Amino acid sequence: MRSHTYNESLGTARIMARILDGKALAKEIKDEVKIEINNWIRNGNPAPTLRCIIVGEDPASHTYVRNKIQAAREVGIEAETIRYDANLTEEALMSIIDSLNKDKNINGILVQLPLPNSIDERRVCNALAPEKDVDGFHITNVGQLCLDMPTIVPATALAVVEMLRRFKIDTFGRNTVVIGRSKNVGMPIAMMLHSDGRHDSGLGMDSTVTICHRHTPADQLEFYCRHADIIVSATGLPKLIKADMVKPGATIIDVGITRVTDESGKTKLVGDVDYDEVVKVAGAITPVPGGVGPMTVAMLMKNTLQAAQHNSFK
């Protein structure tokens, strides 16, 4: 529900954006996944299994993996972290992945990115068995997504689509701007938003999509944003999206997350959007933190269950 504040200088009520609470929605989805897993086990199936490989000591990566493991265990997924130091060779990692691919007791595998510079991330992602690739980064899964075929979808992109659906944001024929063209986030978001909703994947949202990126001139970015009904920003550039770039009533999905230090020396997480000002203009907006982030973890749980169900029928 949108809220009203009183603007003393104008003597008028100003409508504030509806806050799209990703944390609450993620809990709802995880509760649904937990019920599905309980039913799955009651029908005689083993609990879904997930292995998270992390290489190196990047603090943010370790935090992300801990959150994933905790969420997995909460919903009934048997999950473990496999840790290696940054000296692990690419060939050693490929051998580890091969062993997990062949292990029939493992349903889902993810390799936390980024990897050390000495390791080719694309080669590693393509080494995973596509049916166990719960991140959805394998070339087969990406290709099937682009063809509107059922597949495992990258969790962050799936989180954005699920939020739009569950919060009943109309996308049919709407103008959408996706800012960011990464192969794991921006590209799959744009693919699903523009795709035909009648196709087999069931993920198409029939929107008219414009993709912007780091080389889009500032004046052009502003032009596209001002004409957008929906803006999805995934750049990691704090306060990239200003209030004067947003059409009144537009929906803003902020995928970016960056840790910044304020004037007092304290650190905090912020998104791509100048939230305090844009919330006064937009019709709906995701907060950071508490928006797309929790939903990404929830969708990873759905992907892991999907992998377990698929693998059981092979």
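As the structure is a computational prediction, the values presented were derived from the model and not from experiment. Every heavy atom of this structure was used, including side-chain atoms; hydrogens, water molecules and symmetry mates were not.
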Between the main-chain N or O of [Y] and the side-chain N or O of [X], is there a donor-acceptor pair closer than 3.5 Å?
X: Thr258; Y: Gly236; value: yes
X: Lys30; Y: Val75; value: no
X: Asp229; Y: Asn175; value: yes

Students often mix this up, so state it plainly: with edges at 30° and 60°, are the rings of Phe223 and His227 parallel, tilted or perpendicular? tilted
Salt bridge (Lys or Arg N to Asp or Glu O under 4.0 Å) between Glu78 and Arg51, intermediate numbers included: CA-CA 9 Å; Glu78 190 271 296; Arg51 295 295 178 266; 3.1 Å; yes
Supply the atom-to-atom distance [X] [atom1] to [Y] [atom2], rounded to the nearest 0.5 angstrom.
X: Asn105; Y: Asp103; atom1: CG; atom2: CG; answer: 5.0 Å
X: Leu221; Y: Leu240; atom1: CG; atom2: CG; answer: 5.5 Å
X: His138; Y: Glu131; atom1: NE2; atom2: CD; answer: 8.5 Å

For the residue pair [X] and [Y], confirm or rule out a side-chain donor-acceptor distance under 3.5 Å.
X: Thr286; Y: Asp254; answer: no
X: Ser264; Y: Asp262; answer: yes
X: Asn126; Y: Arg122; answer: yes
X: Thr176; Y: Ser207; answer: yes

So if you build clusters from Ile, Leu, Val, Met, Phe, Trp, Tyr with side-chain heavy-atom gaps below 4.5 Å, do Phe137 and Leu93 land together? yes
Which heavy atom of Gly180 sits nearest a heavy atom of Ile211, and at what distance? O-CG2, 4.2 Å
Which atom of Val65 lies closest to which atom of Gln112, heavy atoms considered: CG2-OE1, 3.5 Å
Indicate yes or no: does Arg123 engage Glu90 in a salt bridge with an N to O separation below 4.0 Å. yes
So if I apply the side chain to side chain contact (heavy atoms under 4.5 Å, CB included) rule between Met295 and each of Glu162, Lys23, Arg166, which one comes out positive? Glu162
Test Val160 against Val255 for side-chain contact (heavy atoms from CB on, under 4.5 Å), laying out the working first. CA-CA 8 Å; Val160 170; Val255 185; 3.9 Å; yes
